[in-house]
A.B. asks: 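Once you've had a glance at the structure underneath, I'll fire off some questions.
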Amino acid sequence: MSRIATLSAIAVLCWACAPQAAQTPRQARAPQRVVSLSGGITELLYTMGLSGQLVGRDVTSTYPEQLAATLPNLGHVRNLNVEAVLALRPDLIVLDSAALSEPALKQIADSGVPMLALPAGHELELPLQQAEVLAGYWGDPSLAEPVRQVWSKGHEALQQAKAAGQRPVRALFVYARGKGSLMVAGKGTSADAMIRHSGGQNAINEFEGFRSLSAEGLIAAAPEALLFFDSGIQSLGGTAGLAEVPGLLQTPAGQNGDILGMDGLYLLGFTPRATAAAAELSAFFASIAQRGTEAYEPTDAEL
Amino acid sequence: MSLQMLSYKSKAGKMLYWGTAIGALLGSLAAGAYVISPSEWPSALLQGPFHMEGTSYLVWHIRMPRLALGFTVGAGLSVAGAAIQGLFRNPLADPGLIGISSGAMVFAVIGIVAFSSLPFLGSAQAFLIPLLAFGGSLLSTGLVYRLATYNGQTRIGAMLLAGVALTALGGAIVGLFSYLATEDELRDITFWTLGSLGGVGWKQVLATLPFVLASTAWLLRQHQALDLLLLGEREALYAGLEVQPVKWGIITAAALGVGAGVAACGAISFVALVVPHAVRTLQGPSHRGLLPAAALLGGTLLVVADAAARICIAPAELPIGIITALLGAPFFLWLLLRQMRSGALPMG
Amino acid sequence: MLEAIGVKVSLGGESVLRDVSLAALPGELGVVLGANGAGKSTLLRALSGELPLTAGSVLLHDRPVQGFKAVALAKYRAVLSQQFQVAYHMSVGEVAMLGRYPYTEPLRRSRELARKALKEVGLSSFWGRSVQTLSGGEQQRVHFARALLQLQGEGEHSRFLLLDEPTASLDLKWQHELLQLARHCAQERNIGVVAVLHDINLAARYADRVWLMQNGGVVASGPPGQSLSAEALSRAYRTNVQPVTHNSLSYLHFTVAERTAPLLIDQNSKNSNYVEANL
């Protein structure tokens with residue numbers, strides 16, 4: 001698998017470097033000024049001990065906090081200030097391949113700054129693949145080792161937690177940005193993947209992507225566990241505000257108080273800590289499954 | 001400074017407008033988050049557009065196309081705004097307020113979503129989107145005009161209400177498409193509602209410039225017709241104007257200017273409202289001076305606003321529509337207040 | 001010459017002009033009189049070439065007026081409509097210069113002519129003022145100057161000026177001044193002026209020729225002395241009109257009889273004449 005990852009990354013790399021490859025002499029691959037345009041990548045570079053080379057980050061790069069506080073924030077990858085990125089005089093920009101279609105990033109690439117687009121996806125192994133690509137770029141395979149360690153430690157915990165789970169718990173991820181803006185994660189989303197990796201089952205099966213949440217839809221989905229970002233719960237006015245979300249208290253999760261808030265990057269960033277996050281989630285699911293021995297069936301009244 | 005100096009019809013005024021525009025262009029070329037030292041400038045400029053590296057690339061391929069598109073769109077929007085306000089005989093006839101931008105926006109968004117399934121169109125898409133946006137703005141301008149004029153007179157209430165309805169419809173359709181579209185197809189709904197010049201290259205400039213040039217050049221030649229229309233359609237006809245063809249020509253040209261602008265950088269608000277109003281206040285409503293002055297001032301305003309969008313929260317960037325609204329809305333209020341105090345608010 | 005021959009016009013399915021024939025002559029001030037709804041303004045619009053005719057024709061220099069291009073027509077026929085607002089703060093000079101639209105000439109020349117025309121209507125010091133801030137009478141005179149400018153060109157064909165109730169919003173002094181001006185222009189510049197008026201006495205005093213309209217047709221025409229009689233006016237206005245005679249008056253003067261008997265008017269028939277109860 002790692003070979004496939006390496007090959008795909010090299011392919012992406014070649015594409016990104018193609019325009020200037022003819023003009024610039026091949027530089028020694030020990031980037032000194034790196035801009036990271038994804039929270040997961042920033043965390044990856046930090047775990048690999050490369051944070052000293054970082055000169056800029058995007059708005060989602062929030063971990064670790066001390067690092068985030070010292071780096072200039074370039075905003076969202078979809079609304080970049082091209083000049084501000086270039087003003088940092090980076091010799092490498094690392095980003096998710098999903099962001100490559102942005103015209104601003106094309107301009108940056110055309111200006112001759114090497115870009116390294118890392119594979120994207122919703123697999124738990126993603127950070128391992130990404131670490132290998134990065135280590136390969138730096139020409140030092142041992143750089144990926146700390147990532148493997150962090151990842152494996154979490155992975156062991158995840159296996160234990162999953163073993164404790166008796167059945168898949170129906171979970172629902174709610175993306176909240178204030179009371180008026182609640183979205184739930186359907187199939188094909190990062191939240192859907194994390195719920196499955198943790199031994200749970202997405203309570204929404206009917207659609208792909210994120211959709212607005214309706215009170216009736218929430219009750220019909222009958223989730224046993226509700227997942228939020230910490231920031232999402234804050235935006236609703238804290239735990240007390242959750243009670244005001246229409247329909248929430250009518251779900252099994254609402255009635256039993258099985259509502260979990262986690263840091264956004266930790267939960268859905270597919271960072272080196274993704275396995276640890278999955279383990280935490282899995283333990284949460286296991287505790288719900290153990291409490292009720294039978295699968296929950298919604299009553300007619302609740303439907 | 002005498003008022004005569006502020007009129008495009010005087011030599012001094014002409015120089016003032018051109019000077020301000022050129023100054024704004026040079027200032028914006030020099031300003032940015034990426035600081036270029038004076039010693040770097042000569043080589044950056046002299047290396048020319050085909051040196052695709054470093055400072056030279058930044059100047060020729062990042063700043064210049066952005067300036068060019070900003071100026072083009074600002075000028076196009078302002079001239080179209082001035083023309084529409086002349087035709088409707090009302091200063092409130094802003095392409096944004098009466099739904100023309102919405103029409104352009106809807107068609108552009110439909111085009112983007114529809115074309116994403118037709119990859120063989122390739123780079124022709126860059127020209128098809130402005131054309132579609134033009135179609136949308138033409139349709140909405142025609143519709144509003146039909147609804148709002150009766151017997152050659154403008155019904156301001158009908159005009160504004162038609163705008164409200166079209167804007168609501170546009171918002172709903174854009175919302176629907178952004179709901180259905182994937183993020184790759186649709187950059188962001190804020191791009192359409194607030195506008196942005198981010199990531200603009202020469203390709204977008206080339207896809208916009210011909211449309212805006214055609215629209216502006218034709219409208220500039222219609223200054224006498226627009227002046228006559230200020231008397232009302234019947235009087236204009238009596239005075240020798242072939243009202244019907246000229247009127248639909250003006251609508252078409254204005255829709256072309258607005259549509260191309262919206263397709264290139266979203267619905268940038270207030271420029272088309274504030275700039276003609278400001279020029280009218282400075283030098284009167286006669287279109288001979290109004291149109292070229294509005295073109296220059298509109299281009300200048302958008303270039304300066306974009307410089308502010310790039311610089312003020314660097315290293316991040318603001319959508320330019322926020323800047324134009326922040327600059328434009330208070331200025332517009334000030335103009336309204338001033339005119340109301342003098343008891344001469346022209347309302348049609 | 002500007003003439004209407006057997007002109008019929010229908011507006012919204014209703015026939016407003018029924019077989020009107022008349023000829024306006026250069027150098028003359030002709031006045032169209034008649035009660036409300038008699039078709040005066042419609043006649044003017046038909047003469048101007050704006051309205052499509054149901055039947056008949058309006059000829060300018062022996063050519064149908066509808067066949068002219070707007071620019072060509074504008075050089076020979078100007079129209080001064082009832083009160084209308086100029087949008088925005090157009091200056092007096094700018095509005096007057098709009099009259100020069102049909103002509104290709106240097107801006108300086110247009111400005112020169114406009115200054116002269118404004119002087120003629122007594123507004124020489126008003127050049128830079130906003131038209132919107134002027135009184136109704138002053139605005140009327142600005143547009144009068146604009147109309148004169150529109151008719152000022154080379155070419156020997158005669159010109160015609162159509163005035164639609166030009167005195168409607170004017171006070172006594174301006175009413176008379178405007179008609180004097182119109183008559184002066186007619187005589188000096190050999191322009192044929194056709195004015196719709198409400199005031200019989202203004203017509204009687206200033207008109208060279210009068211067309212009295214009733215129910216969409218011309219019922220009397222000719223110099224005021226011939227065409228204006230108390231009987232004809234009484235019929236046309238459906239009230240009891242009487243002549244006033246006084247030594248100081250050198251022209252005809254009419255008023256409505258002091259003790260007018262109540263009128264029995266057959267509302268259902270447009271063609272019916274009034275019947276005086278006590279006759």
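So that the names make sense, note that chain A is the first sequence line, chain B the second, and so on, each numbered from 1.
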A.B. asks: Stepwise, does the side-chain contact (heavy atoms from CB on, under 4.5 Å) test hold for A:Glu83 with B:Ile62?
C.D. replies: CA-CA 8 Å; A:Glu83 289 199 16; B:Ile62 293 176; 4.2 Å; yes

A.B. asks: Side chain, backbone, both or neither: which part of A:Leu105 has a heavy atom under 4.5 Å from chain B?
C.D. replies: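 Neither the backbone nor the side chain of A:Leu105 comes within 4.5 Å of chain B.
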
A.B. asks: Under 4.5 Å, counting heavy-atom pairs only, tell me which of B:Val200, B:Ile36, B:Val35 racks up the most with chain A.
C.D. replies: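 Going by pairs under 4.5 Å, I would pick B:Val200.
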
A.B. asks: How would you list, in number order, the residues of residues 57-75 of chain A that have a heavy atom less than 4.5 Å from chain B?
C.D. replies: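 At a heavy-atom separation under 4.5 Å, chain B is reached by A:Pro72, A:Asn73, A:Leu74, A:Gly75.
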
A.B. asks: Among residues two or more places apart or on two chains, list those pairs meeting ring-ring contact (aromatic ring centres under 6.0 Å, His included) that have a residue in residues 21-45 of chain B.
C.D. replies: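 For residues 21-45 of chain B: none.
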
A.B. asks: Using the side-chain hydrogen bond (donor to acceptor under 3.5 Å, both in side chains) rule, collect all pairs that involve residues 64-73 of chain B, keeping only residues at least two apart or in two chains.
C.D. replies: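 Only B:Arg66-B:Asp306, B:Arg66-B:Glu317 qualify under side-chain hydrogen bond (donor to acceptor under 3.5 Å, both in side chains).
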
A.B. asks: What closest approach, in Å, do B:His61 and A:Gln107 show between heavy atoms, and which atom pair accounts for it?
C.D. replies: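 That would be O-NE2, 3.5 Å.
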
A.B. asks: Among B:Gly201, B:Ala33, B:Ser56, B:Ala309, which residue has the highest count of heavy-atom pairs closer than 4.5 Å to chain A?
C.D. replies: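 The candidate making the most pairs under 4.5 Å is B:Ala33.
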
A.B. asks: Output all residues satisfying ring pair (Phe, Tyr, Trp, His ring centres under 6.0 Å) with A:His122, sequence neighbours left out; order by chain, then residue number.
C.D. replies: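 Per chain and number, A:His122 pairs via ring pair (Phe, Tyr, Trp, His ring centres under 6.0 Å) with A:Phe270.
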
